Amino acid sequence: MAVNWVGLLFTGVFYIIVLSIGIWASRKSKREEKKCTGNRSEVVMVGGRNLNMFVGICTMTATWVGGMYILGTAEVVYDPTKGLVWAVGLISCSLNLIIGGMFFSTPMRSKNYVTLMDPFQEKYGNTISTVLFIPVLIADLFWVSGILGGLGGTVGVVMDIPSSVAVTISAAVAILYTLMGGLYSVAYTDVIQLIFMLFGLWMSVPFILTTPSAANITAAAVNKLYQDPWVGKLEMEDVGCWIDNLLLLSIGGICYQAFYQRVLSAATDAQAKITCYIGAVLCPILAIPSVVAGALAASTNWNQTTFGSPSPYEQGKAGMILPIALQHLCPFYVSLIGMGALAAAVMSSVDSALLSAASQLARNIYKNIIYRQASEKSVLVVVKVSILLCGVIGACLALKMSSVALFWILSSDVLYSMMTPQVICILYLSQWVNVYGACSGFVFSLLLRGLVGEAFLGLPDVLPLPWDRIQEDGHRYRLFPFRTAIMLLTFVVILLVSQMSIRLKGKKLLTSDAEMNEMHDLGLDQKNVEENEALNKDEEQFNPTIPQED
């Protein structure tokens, strides 16, 4: 099949629109920087804390309704081994925003934090916070990879071009406008992207529903026609795994800096909560077209379509079922508009993940640890460099992905198992925990999660668990809700070790947190003093007009 030049032209126009809005928003960001009486970097990271409510609702919703949400939901509904009952993202994204708005918005806003790592550095110091930042960074990179990989496969299917080209172009556009304007560019482009999603995806629904090659969608929901019923089934032995996935996506999201960027960018606490609650209502509404596409794809005789036989699932293309359905079950012009909607969904999340990782690298690593005397200008430079690096790494990982839903689960898995107990403790039980508990919890969760294994990352499943099902290749299929178990055990370990260490410190057998932080800070201050002295000597050598000290 030849390259779809009309489709490429349409996608190019969409990218130009998004980029133009990003450029316009970057100018607004520059004006806000001039008016800002505080740190200029906060304008880039949290929009100067005065983002318009309508824009805030759009950017919160668009960030959560990203490529992994849209494509992953359709994939799960279409997959004959799963079905609608396993599409827990429909519930979990809404629950995530409700939980975040009710319990995590106020604690973060009350102390004017900028990033999720701020309370950790305030409590534990820089060294421990740096270690805890590792899973947060990995999760953001997985998020970027899943989103870009989904778009690459989508564009490749519809336009018949290599996915590597689509990933590269999409990453370049997202990186460019995120570099230019920070949160303002991300937020204002999210507005137009959300409009594209709402219009483009819902416009395709009537055409998909009336395709002549599909059987009755209601009959295919509970009867086996061309494949197993798309409603799916939940066996009693799979309940633990289902609950694990639901909690993973519902609670793991509170550990994403992208969520807190939008919460902290609101002018008031009430506005931040309203943003979360309205976003929770909009998320499942925007996912309905994905459910319809997945269900119709499961009800379709693909041999009667232009796709042909065997079916997408048999060809290993279940992850791209939404763009395949748009292309082969809709008129050409509808598939183009749907393609624009998918691109919008992808772009609206990838820029958020890039800014999330870059903000923490610049503020919590560079500014607070590496060089405390850093100017605001240098911090902004580091933000831009970090956006570029994270975008490149994410794009490289995206080229190796096979399933959008898998990246979605992995990204949340990293945070849910390791960071959820840490976030809850630092925001609600700060007086009960300390450095020793945080370190023990991190090591414990990392060790336990590694022993459980992860085939995608090449980690062997060493640790046997209850209800394991041994597969033909010898690997274990986990039926036990191990992620939730690790999260709860980590929570207990943090509290127990913290309380034990408090008793030992009372007996002068351990160093206190304050002494540890003071020793570390003195080392950092000495390092910065030495760096400044070296810089001054260099300036004296190259500038003879500077008077030498006696």
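Quick note: numbers below take in every heavy atom, side chains included, and nothing from hydrogens, waters or symmetry partners. All values derive from a computational prediction rather than experimental measurement.
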* Structure fact -> Applying side chain to side chain donor-acceptor pair (under 3.5 Å) to Ser105 and not counting sequence neighbours gives Asp269

* To do: State, without any angle test, whether Ser250 and Asn96 hold a side-chain donor-acceptor pair at a distance under 3.5 Å.
  => no

* Which residues pass the side chain to side chain donor-acceptor pair (under 3.5 Å) test with Glu314, sequence neighbours left out? -> Ser311

* Set of side chain to side chain contact (heavy atoms under 4.5 Å, CB included) partners for Val392, sequence neighbours left out -> Leu388, Cys396

* **Check: Tyr416/Thr484 side-chain N/O donor and acceptor closer than 3.5 Å** => yes

* Please identify each residue that fulfils salt bridge (charged side-chain N to carboxylate O under 4.0 Å, His left out) with Lys82, with sequence neighbours left out. => Asp79

* Asked: Any sub-3.5 Å donor-acceptor pair from Gln261's side-chain atoms to Met45's backbone N or O?
  -> yes

* **Donor-acceptor contact below 3.5 Å, side chain His328 vs main chain Phe307** => yes

* Using modelled atom types only, decide if a donor and an acceptor are shared between the side chain of Trp242 and the backbone of Val85 within a distance under 3.5 Å. => yes

* **For Leu225, all residues meeting side chain to side chain contact (heavy atoms under 4.5 Å, CB included), sequence neighbours excluded** => Ala215, Ala220

Kindly list each side-chain donor-acceptor pair under 3.5 angstrom involving residues 271-296, sequence neighbours excluded, with atom names and distances?
{"residue": "Gln271", "atom": "NE2", "partner": "Leu51", "partner atom": "O", "Å": "2.8"}
{"residue": "Lys273", "atom": "NZ", "partner": "Gly101", "partner atom": "O", "Å": "2.9"}
{"residue": "Lys273", "atom": "NZ", "partner": "Thr106", "partner atom": "OG1", "Å": "3.1"}
{"residue": "Thr275", "atom": "OG1", "partner": "Gln271", "partner atom": "O", "Å": "2.8"}
{"residue": "Ser290", "atom": "OG", "partner": "Ile70", "partner atom": "O", "Å": "3.0"}

* Structure fact -> Residues pairing under salt bridge (charged side-chain N to carboxylate O under 4.0 Å, His left out) where one sits in residues 238-252, two or more places apart or in two chains, turn out to be Asp238-Arg469, Asp244-Arg483

* Asked: Do the side chain of Thr211 and the main chain of Ile208 share a donor and acceptor less than 3.5 angstrom apart?
  -> no

* To do: For Leu90 and Tyr69, work out which heavy atoms get closest and say how close.
  => CA-OH, 4.0 Å

* Any donor and acceptor pair, going by atom type alone, linking the side chain of Thr59 with main-chain N or O of Val55 inside 3.5 Å? -> no

* To do: Scan residues 206-220 for pairs that pass salt bridge (charged side-chain N to carboxylate O under 4.0 Å, His left out), counting only residues two or more places apart or in two chains.
  => none

* To do: Only counting residues at least two apart or in another chain, list the ones meeting side chain to side chain contact (heavy atoms under 4.5 Å, CB included) with Val239.
  => Leu234, Met236, Ile243

* Do the two ring centres, one from Tyr256 and one from Trp143, sit under 6.0 Å apart? -> yes

* Are the side chain of Gln227 and the backbone of Tyr78 linked by a donor-acceptor contact shorter than 3.5 Å? -> yes

* Asked: Pairs in or reaching into residues 56-70: which pass salt bridge (charged side-chain N to carboxylate O under 4.0 Å, His left out), with residues at least two apart or in two chains?
  -> none

* Structure fact -> Those residues at least two apart in sequence (or on a different chain) that pass side chain to side chain contact (heavy atoms under 4.5 Å, CB included) with Leu447 are Leu451

* Hey, is the main chain of Val452 close enough, under 3.5 Å, to the side chain of Arg478 for a donor-acceptor pair? -> yes

* **salt bridge (charged side-chain N to carboxylate O under 4.0 Å, His left out): pairs with one or both residues in residues 210-229, sequence neighbours excluded** => Lys224-Asp228

* **Check: Thr210 side chain, Phe207 main-chain N or O, donor-acceptor pair, under 3.5 Å** => yes

